[in-house]
Protein chains: 2
Amino acid sequence: MAGGQGRVLELAVLGSLHETPLHGYELRKRLNALLGMFRAFSYGSLYPCLRSLLARGLIAEEQPAPTAIVGGRSKIVYKLTAEGKERLQELLTQAGPAAWEDESFGVHFAFFRHTEAEVRLRILEGRRSRLEERLDAVRTALARTAERLDSYTLELQRHGLESVEREVRWLNELIATERRASSEERPERDTTSTDE
Amino acid sequence: MAGGQGRVLELAVLGSLHETPLHGYELRKRLNALLGMFRAFSYGSLYPCLRSLLARGLIAEEQPAPTAIVGGRSKIVYKLTAEGKERLQELLTQAGPAAWEDESFGVHFAFFRHTEAEVRLRILEGRRSRLEERLDAVRTALARTAERLDSYTLELQRHGLESVEREVRWLNELIATERRASSEERPERDTTSTDE
DNA sequence: TCGGGATGTATCGGCTCGATACATCGACGC
DNA sequence: GCGTCGATGTATCGAGCCGATACATCCCGA
């Protein structure tokens, strides 16, 4: 009860408000532009989320400068509080399944510039294993039933596999880039030696 | 109330049972293998759906052959009724947004072999316009804000765009194949002339 | 001046998922 | 024989989320 909502939307809102204070309508527009192809948040979840964050003191209403008020426009601008910034950092530090599942990975990735390098790497690797798991499952299932399937089903499977394989390659590149960047940052450290 | 559920799961269940009678557990396994990369149905929606279909007379319990009963195993096998087959045909005929949105397109495509050629074409084209709409929206939003974005956000947008563009190309090929097949089937008909 | 489209806040019904509970079965070691 | 572990199997519950909808204001052009 009381608008608990999942951590994904919470992170998305907190992360957006970290850049600049916003009101609901604009917040939703930015979020859906930011995530573009991956998700689309709706008011039905956004407003309860804002209410919950407000109640928990993670965001606060910001009254506009008195000079700007003319007709008493009812626009509620929210800004991040100190507690909200703390909570955001906490969410950005978490590198678990909650960060690399389908629904949440995009949001976490979108705020990677506020995330520590080590956490970034673990999320990218977690995402990759998740996808490889799925590839294995589908490939074995496909091997057992391929001859029984019609051409449409087969084509669907083929296209799905290819899409996920493509995403894995994308992740590989990102991981390589992250590794390169982090080894350049402190070249003396060599714990994993040359495992790649 | 009473387990109405969306039409997607209903179609998936009806379509699967059309091949062969199944019980819940096996049904879910097949569904998730069939859709593989796209969705994963859970028991929390499957069982209410089965109950609803049962109540509406679209499926029926099939008692196993008496000779096979040994310990009275509690396995509930469902089969499609005549009304269920009718309903399935009805669902397969619908070519609207409900067929080409993200959540439903995969399921509709998976049962294309039971779908009329004309409906197939309209669903594929609907899906394509849907994706192109989204591409336009993201591309214009990107053009307006590209210089303000950090490299991670930019990379996310780029990857998202590329994935969707890839899917559009895939749809283009499928549409071309469908057109070719349908024009070979009845070569005298030439309403759209040579628009391609 | 009138209407339509963008802006803006808000709620409700209903669908869906993840977690969980509970029970049986077959295979394995010992 | 016996415990137990993982797969099979049915089922529910809390909670989150979406689509549709309602309502109000603002701005702009015909």
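The figures that follow rest on heavy atoms only: side chains count, while hydrogens, waters and symmetry mates do not. Below, chains carry the letters A, B, ... as their sequence lines are ordered, and counting in each starts from 1.
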Heteroatom pairs (N/O) under 3.5 angstrom, protein to nucleotides 11-13 of chain D:
unit_1, atom_1, unit_2, atom_2, d
dT12(D), OP2, R51(B), NH2, 2.7

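Look at K79(A) and E61(A) and you find no salt bridge, because none of the NZ, NE, NH1 or NH2 atoms lies under 4.0 Å from a carboxylate O. One finds no salt bridge joining R39(B) and D102(A) here, because no Lys/Arg side-chain nitrogen approaches an Asp/Glu carboxylate oxygen to under 4.0 Å. Contact check on E125(A) versus R120(A) returns no salt bridge, with no Lys/Arg side-chain nitrogen under 4.0 Å from an Asp/Glu carboxylate oxygen.
With 3.5 Å as the limit, one finds no donor-acceptor pair spanning the side chains of H108(A) and E101(A).
Spacing between atom CZ of F38(B) and atom P of dC17(C) amounts to 16 Å, rounded to whole angstrom units. For the pair L11(B) CG and dT16(C) P, the computed distance is 12 Å after rounding to whole Å. Atoms CZ (F41(B)) and P (dT16(C)) sit 8 Å apart, rounded to a whole Å. One can place CG of L9(B) at 18 Å from P of dG14(C), the figure rounded to the nearest angstrom. Going from atom CD of E103(A) over to atom P of dC17(D) covers 10 Å, rounded to whole Å. If you take NZ of K75(B) and C1' of dT8(D), they are 8 Å apart, rounded to a whole angstrom. Taking atom CD of residue E101(B) and atom P of nucleotide dC15(C), one finds them 18 Å apart after rounding to whole Å. Rounded to whole angstrom, the span from the CD atom of E10(A) across to the P atom of dA15(D) amounts to 16 Å.
Separation of atoms CG (L174(B)) and CZ (F109(B)) is listed at 5.0 Å; rounding is to 0.5 Å. Separating the CD atom in E86(B) from the CG atom in L80(B) is a distance of 11.0 Å, to the nearest 0.5 Å.
Defining each end axis of the helix from dT1(C)-dA30(D) to dC30(C)-dG1(D) as the rotation carrying four pairs' C1' atoms onto the next four, with five pairs an end, the two axes are found to diverge by 30° to 10 degrees.
At most 12 non-hydrogen atoms from other residues, nucleotides or ligands lie less than 6.0 angstrom from CD of E116(A). Taking a 6.0 Å sphere around CD of E132(A), one finds it holds more than 12 heavy atoms contributed by other residues, nucleotides or ligands.
Between W170(A) and H159(B), the ring-plane angle classifies as parallel under the 30° and 60° cut-offs.
DNA chain C is contacted by H23(A), G24(A), Y25(A), K29(A) of residues 13-30 of chain A, taking any non-hydrogen atom closer than 4.0 Å.
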Show your working on side-chain contact (heavy atoms from CB on, under 4.5 Å) between L156(A) and L34(B) and close with a plain yes or no. CA-CA 9 Å; L156(A) 185 63; L34(B) 178 66; 5.7 Å; no
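For the pair R113(B) and Y152(A), the cation-pi test (distance below 6.0 Å, angle within 45°) is failed.
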